[in-house]
Peer 1: 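Here it is, the structure in full.
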Amino acid sequence: MGEVRFDGGCGVRVSLVMGSESDWGVMSHASSILERFLGEDYEVGIVSAHRTPERLFEYGRGLRGRGVRVVIAGAGGSAHLPGMIASLTTVPVLGVPVEGKSLLGLDSLFSIVQMPGGVPVGTFAVGKAGAVNAALFAVSIIGGEDEDVGRKLESYRAEQTEKVALKPSGFAGV
Ligand code: RP5
């Protein structure tokens with residue numbers, strides 16, 4: 001994993017950003033998935049649409065030139081980060097609504113999902129499941145151009161299927 005760069009360096013294919021340090025508890029689940037499938041081929045950083053607008057613009061405008069293929073952006077509350085990144089680049093942006101201290105994450109979800117036509121953001125579930133699935137979705141995009149990554153994803157899904165028991169362990173009946 002690398003740190004997000006704003007100077008044109010790095011060369012990773014997936015960029016994972018969040019609006020605040022406080023989003024890491026959720027977004028670390030995306031990071032773990034990316035680590036597993038991509039190793040060093042992703043970066044992590046904090047970009048706040050409201051507190052660091054200049055950083056946001058530099059980051060968003062530099063994405064395609066740096067060779068980034070997919071962005072995962074997590075944010076909570078008035079979650080403008082994914083949408084604003086999407087407004088600055090044509091690199092696909094996957095948005096993860098992070099549950100804040102109030103409104104159960106519905107505020108984050110609605111902020112991310114209700115993009116105007118013409119500026120798409122792929123919106124995922126609120127919280128951990130959304131972070132995991134956004135990362136798996138990013139991996140599947142990379143897997144479309146990288147057979148090794150695609151094969152790893154196939155194995156992951158097969159392992160997942162294997163782990164599902166036929167009956168719940170607490171069930172005593174036949
Ligand atoms: C958003 O505001 C962040 O994505 C975070 O989810 C939320 C709260 O941020 P903090 O006040 O915890 O830094 O921009």
Side-chain angles (χ1 to χ4, degrees), residues 1-10 12-38 40-142:
M1 168 189 15
E3 285 174 27
V4 165
R5 298 268 297 269
F6 301 94
D7 58 5
C10 235
V12 296
R13 287 185 289 185
V14 177
S15 183
L16 170 64
V17 288
M18 61 215 76
S20 167
E21 175 86 39
S22 65
D23 298 322
W24 177 243
V26 168
M27 299 312 292
S28 61
H29 295 289
S31 179
S32 301
I33 294 283
L34 296 175
E35 181 87 44
R36 171 178 178 155
F37 287 96
L38 303 177
E40 297 288 304
D41 193 12
Y42 79 106
E43 62 183 9
V44 172
I46 296 173
V47 179
S48 169
H50 305 115
R51 292 176 177 141
T52 67
E54 302 294 340
R55 192 190 297 180
L56 167 74
F57 273 71
E58 198 174 352
Y59 169 78
R61 287 184 173 138
L63 284 163
R64 189 164 285 285
R66 291 200 293 128
V68 172
R69 299 277 202 284
V70 192
V71 172
I72 300 171
S78 186
H80 295 134
L81 180 64
M84 282 305 297
I85 296 171
S87 78
L88 294 164
T89 185
T90 52
V91 172
V93 178
L94 312 180
V96 180
V98 174
E99 187 178 336
K101 296 182 189 77
S102 50
L103 303 179
L104 305 170
L106 279 178
D107 45 351
S108 323
L109 174 64
F110 291 162
S111 297
I112 295 174
V113 78
Q114 288 293 357
M115 288 298 290
V119 188
V121 168
T123 307
F124 286 79
V126 176
K128 179 181 174 182
V132 166
N133 281 345
L136 288 172
F137 201 90
V139 168
S140 72
I141 291 172
I142 301 300

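Every number for a ligand or one of its atoms is a count from 1 in the order of the listing. Note that this is a predicted model, so its numbers are computed, not measured.
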Peer 1: List the atom of Glu21, the atom of Ile46, and the distance in Å for their closest heavy-atom pair.
Peer 2: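 Shortest heavy-atom contact: N-CD1, 3.6 Å.
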Peer 1: Would you mind writing out the side-chain donor-acceptor pairs for residues 81-98 within the sub-3.5 Å range, not counting sequence neighbours?
Peer 2:
unit_1, atom_1, unit_2, atom_2, d
Ser87, OG, Met84, O, 2.6
Thr89, OG1, Val91, N, 3.1
Thr90, OG1, Arg64, NE, 3.0
Thr90, OG1, Arg64, NH2, 3.1

Peer 1: Search all heavy atoms of Leu16 against all heavy atoms of Ala30 and return the closest pair with its distance.
Peer 2: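 Scanning both residues completely, I find the closest heavy atoms to be CD1-CB, 4.2 Å.
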Peer 1: Heavy-atom contacts with ligand 1 below 4.0 Å: which residues, ordered by chain and residue number?
Peer 2: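 Within 4.0 Å of ligand 1, the protein residues are Gly19, Ser20, Ser22, Asp23, Arg51, Ala75, Gly76.
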Peer 1: Closer than 3.5 angstrom, by distance alone: can the side chain of Ser31 be matched with the main-chain N or O of Met27 as a donor-acceptor pair?
Peer 2: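 Here the side-chain-to-backbone pair does not exist.
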Peer 1: So which heavy atom on Gly105 is nearest to which on Glu99, and how close?
Peer 2: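 Closest pair (atom of Gly105, atom of Glu99, distance): N-CG, 3.7 Å.
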Peer 1: Could you check Thr52 against Tyr59 for side-chain hydrogen bond (donor to acceptor under 3.5 Å, both in side chains), going step by step and ending with a plain yes or no?
Peer 2: CA-CA 11 Å; Thr52 67; Tyr59 169 78; over 6 Å; no
